[in-house]
Amino acid sequence: MVSQEKILQVCDDLLVDTAIFLMRLVQFESISSHEGPAMDWIYEQFKDISDECEKIDVSEDIVKDPDYAFRIDNRPYKGRPNVRAVLKGDGTGKSTIFNAHVDVVPPSKGQNRPFDPYVDEGILYGRGACDDKGQVAILWTLFKALKKLGVRLKGDVILHLVIEEETGGNGTLAMIRSGEKADCCINLEPCSNNILTSVRGAVWFTSTFYGRAGHSGSSETTVSALDMAIEAINIIKEYHDELLGKTINDDPFFSRYTNPMPVTFGQNEGGDWPAMAPQKQVFKGVFGFLTTPKEEVMSELEKRIKTRGPAWLRDNFEISFQYRHDTSINNPELPFVKTLANCYKAMGVKSEIGAMPASTDLWFYTNILGIPGLVTGCGNLMDAHTSKEQVILKDIIISAAVLTLFVKEWCGIEAA
Amino acid sequence: MKWIYEQFHDLADVCELVPVPEDIVHDPCFAFRVNDTPYKERPNVRVVLKGAGAGKSVIFNAHADVVAALENQECSFEPKIKDGRMYGRGTCDDKAQIAVLWSICKAFKKLGIKPNGNVILHFVIEEVTGGNGTLAMMRRGEKADCSIILGPCSNNICTSVKGAVCFCGTFYGNSKNNGYPQVTVSALKLAEEAMRIIEEYHDELLAETINDNPLFARHRDPMPVTFGQLTAGDWESSVPQKAVLKGVFGLLTTPKEQAMKEIKERIKTRGSEWLSTNFDMMYRYCHDASIIDPGLPFVQALTDSYRLMNVQSKTDVMTASTDAWFYTNVLGIPGLMTGCGDLCNAYSCCENVALEGLTMESAVLTQFIKEWCGIRES
């Protein structure tokens with residue numbers, strides 16, 4: 001029988017190879033819609049360590065899917081496939097889908113060497129180090145370890161390595177539309193090794209406000225689009241606070257946070273000249289929510305801006321929604337959750353069950369496919385999207401060991 | 001400007017291209033550089049109808065630069081005439097005023113008359129970006145008994161012209177993934193905070209100074225603060241790390257240096273702790289208010305001219321900052337603003353001027369020259 005010590009040792013032995021894998025992966029400038037070369041390379045890395053490994057083309061028709069997020073630019077989907085890799089079980093055990101994404105957000109201002117990663121005292125720095133390429137590295141180490149251990153699986157281990165998670169999950173959407181079945185799903189994101197069974201929902205919004213441009217000396221005849229945008233920001237914040245008050249106790253894990261459903265006004269732009277009241281102001285952001293259905297949130301946001309602002313605002317704005325994720329809430333008592341918790345404990349890794357205060361692709365599996373799921377992973381969410389994004393290499397190895405043990409316990413194995 | 005030079009060349013005694021020296025950028029009153037286009041090839045133009053020496057002199061100033069067209073502006077640089085109005089960028093601010101001065105020169109030539117005192121025309125560049133063109137003219141030196149700065153004033157005589165500082169604030173946040181709002185600092189929120197502090201200062205200053213001059217008090221807010229541009233953030237789901245806020249802060253009798261200092265000081269001390277050490281504030285242009293006594297003889301002469309030509313006009317304050325202060329405050333030549341067209345049209349997407357208003361303004365100013373400078377047959 002394969003012991004956990006053996007698992008840990010095999011994974012440990014892969015530290016250098018994993019570091020090389022991750023460094024190479026981070027070098028790919030796979031900002032959302034530019035994942036092609038990275039996915040081709042990933043396919044090559046997994047094809048010899050899987051029983052099945054295929055590039056899954058994303059059809060251009062995905063843009064018509066009702067759950068399609070938005071098109072970031074006009075780059076075609078041809079040449080940017082997802083990758084599906086499988087270690088096949090003999091059908092007598094339980095199956096698991098692991099999901100991780102290959103796209104990254106653009107570098108932060110002032111980020112040193114975002115696509116030229118470096119390691120300092122065992123920590124790898126670079127864009128995607130923890131979100132989410134470090135997690136892809138965990139899965140590569142998992143597959144390498146299972147191969148090295150020479151075990152036969154009873155249940156399938158299926159990897160979905162996807163594009164366009166950062167821009168709303170179009171890659172995972174394409175995977176689920178091609179159909180997949182499994183007994184559980186583990187979505188890998190930087191979670192500090194916690195097991196997050198509740199994942200908040202979110203909608204991205206773009207609002208455009210129109211004013212009446214004019215000279216700064218004509219303040220009585222101009223209408224500043226910036227002022228209108230600020231009115232709308234306050235209306236949105238008010239709605240956010242009400243919704244938070246109403247729903248924070250709907251799930252015990254969300255209520256551990258002061259604000260598990262933040263609203264972020266990420267981009268704001270408008271105006272043509274310092275001395276001219278702006279004619280147009282655009283802001284874009286993310287509105288998080290808990291148990292409220294996304295359709296209700298979108299409808300309410302539009303309605304409130306229309307009815308609670310000044311008269312000019314009512315007829316002089318537009319709002320559209322780009323990505324739209326519902327919340328995913330899973331029962332923490334489910335066997336696969338407990339199994340994973342035990343695996344973390346067995347490997348001496350501190351892990352708690354909780355809620356994810358960011359939105360991920362998990363809801364596609366849980367809400368649309370009906371496959372219970374959770375989010376876990378190494379690395380710290382606070383580092384993701386920042387100029388200091390990083391991951392501890394040893395943590396990747398330990399996470400791989402945890403997941404190898406999970407596969408043993410959940411999917412079931414036999415020594416070859 | 002070269003075209004303007006051509007148009008006035010045969011109508012005046014003196015018509016010269018006045019180069020703006022590149023080292024104007026080092027002048028303490030220099031506003032800011034919009035881009036790297038050199039000043040060579042962008043001269044001011046100076047035109048003089050020479051007086052015989054016996055009369056009083058006047059400088060007229062008008063600018064040839066305009067603000068950019070707006071996205072939805074139909075007639076920007078292909079002007080159209082409809083129902084007696086000309087539509088296009090710069091029609092009232094400030095090219096109609098140049099047209100007024102051209103038609104005065106034409107009228108003088110046609111009538112075969114000359115002024116007894118010098119009538120000096122300053123056609124300048126870079127007024128909308130802070131007055132660098134007028135600054136250059138002023139540094140060359142000029143003498144006159146009065147100055148009239150032309151702009152869209154609805155024919156009113158603005159003896160008080162507000163001052164302004166044009167500011168650019170940069171605010172720095174602390175960006176993290178939006179999953180942890182309690183440890184992130186949004187640069188956009190900092191900019192909003194600064195906006196409230198600036199508005200508060202504006203409201204206090206307005207209350208303190210609005211009654212310093214009876215003309216100011218006719219307007220609810222003769223010194224508006226405009227937040228013209230705000231840009232923040234790079235990504236929808238990332239809290240903005242940097243926000244840039246540009247605008248104009250109006251002034252009445254407060255010296256510009258005091259306003260500049262106070263804005264910075266207040267953001268430092270009245271905002272949140274993070275804000276106080278995570279912003280830069282710079283000023284792009286700074287004009288003092290220009291305030292002259294409406295009882296001065298040349299103001300009276302202009303008032304009489306409007307009345308004689310049956311054009312409705314009143315003494316008022318200009319709620320926009322202009323180049324007037326260079327003449328009044330720096331050169332010591334009392335200056336006022338007047339002109340055809342309405343300020344509420346300037347900078348708008350349907351900027352326009354009534355052509356009849358233009359010709360009436362020419363008649364008024366010709367009459368003014370007759371009254372103030374005196375005229376003789378050539």
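By convention in this document, chain letters (A, B, ...) are assigned in the order of the sequence lines, proteins followed by strands, and residues within each chain are numbered from 1.
Other residues, nucleotides and ligands place more than 12 heavy atoms under 6.0 Å from the CD atom of Glu231(A). Crowding of Lys237(A) atom NZ: a count of heavy atoms from other residues, nucleotides or ligands under 6.0 Å exceeding 12. The environment of Lys256(B) atom NZ is dense: over 12 non-hydrogen atoms of other residues, nucleotides or ligands sit within 6.0 angstrom. By the neighbour-count criterion of 12 heavy atoms within 6.0 Å, atom CD of Glu242(A) is densely surrounded, having more than that number from other residues, nucleotides or ligands. Shown here is Lys294(A), whose NZ atom has more than 12 heavy atoms of other residues, nucleotides or ligands within 6.0 Å.
Both the backbone and the side chain of Leu343(B) come within less than 4.5 Å of a heavy atom of chain A. The part of Met195(B) that comes within reach of chain A is its side chain, from C-beta onward, which places non-hydrogen atoms under 4.5 angstrom from that chain. Looking at Arg220(B), the atoms closer than 4.5 Å to chain A (heavy atoms on both sides) sit in the backbone and in the side chain alike. Residue Gln322(A): no heavy atom, backbone or side chain, is found under 4.5 Å from chain B. Contact of Asn72(B) with chain A is made through backbone and side chain together, with heavy-atom distances under 4.5 Å. For Lys162(B), the part lying near chain A is the side chain, with the backbone staying farther off; criterion is any non-hydrogen pair under 4.5 Å. When heavy atoms are compared at a cutoff of 4.5 Å, Lys280(A) approaches chain B solely by way of its side chain, counted from C-beta outward.
Taking CG of Asn345(B) as the start and OG1 of Thr221(A) as the end, the distance is 8.5 Å to the nearest 0.5 Å. With rounding to the nearest 0.5 Å, the separation of OG in Ser348(B) from NE2 in His215(A) is 11.5 Å.
Looking at Trp273(A) and Val128(B), their side chains come closer than 4.5 Å, going by heavy atoms from C-beta outward.
Between chain A and the residues Gly228(B), Cys166(B), Ser186(B), the largest count of heavy-atom pairs under 4.5 Å involves Gly228(B). If you tally non-hydrogen atom pairs under 4.5 Å between each of Leu70(B), Asp93(B), Val67(B) and chain A, the highest count goes to Leu70(B). For the set Asp227(A), Val105(A), Val263(A), Val282(A), the entry with the most heavy-atom pairs within less than 4.5 Å of chain B is Val105(A). The candidate with the highest count of non-hydrogen atom pairs below 4.5 Å against chain B, out of Pro278(A), Ala202(A), Gly285(A), Gly266(A), is Gly266(A). Ranked by heavy-atom pairs shorter than 4.5 Å toward chain A, the options Leu230(B), Val248(B), Thr231(B) are led by Leu230(B).
Of all heavy-atom pairs spanning Gln279(A) and Cys349(B), the tightest one is OE1-CB, 3.9 Å. The minimum heavy-atom distance linking Ala275(A) with Tyr347(B) is given by the pair O-CE2, 3.6 Å. The heavy-atom pair separating Thr226(B) from Ala277(A) by the smallest distance is CG2-N, 3.9 Å.
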Discussion item. Walk me through whether Glu192(B) and Ile233(A) qualify under side-chain contact (heavy atoms from CB on, under 4.5 Å).
Written reply: CA-CA 11 Å; Glu192(B) 283 176 344; Ile233(A) 286 175; 3.8 Å; yes
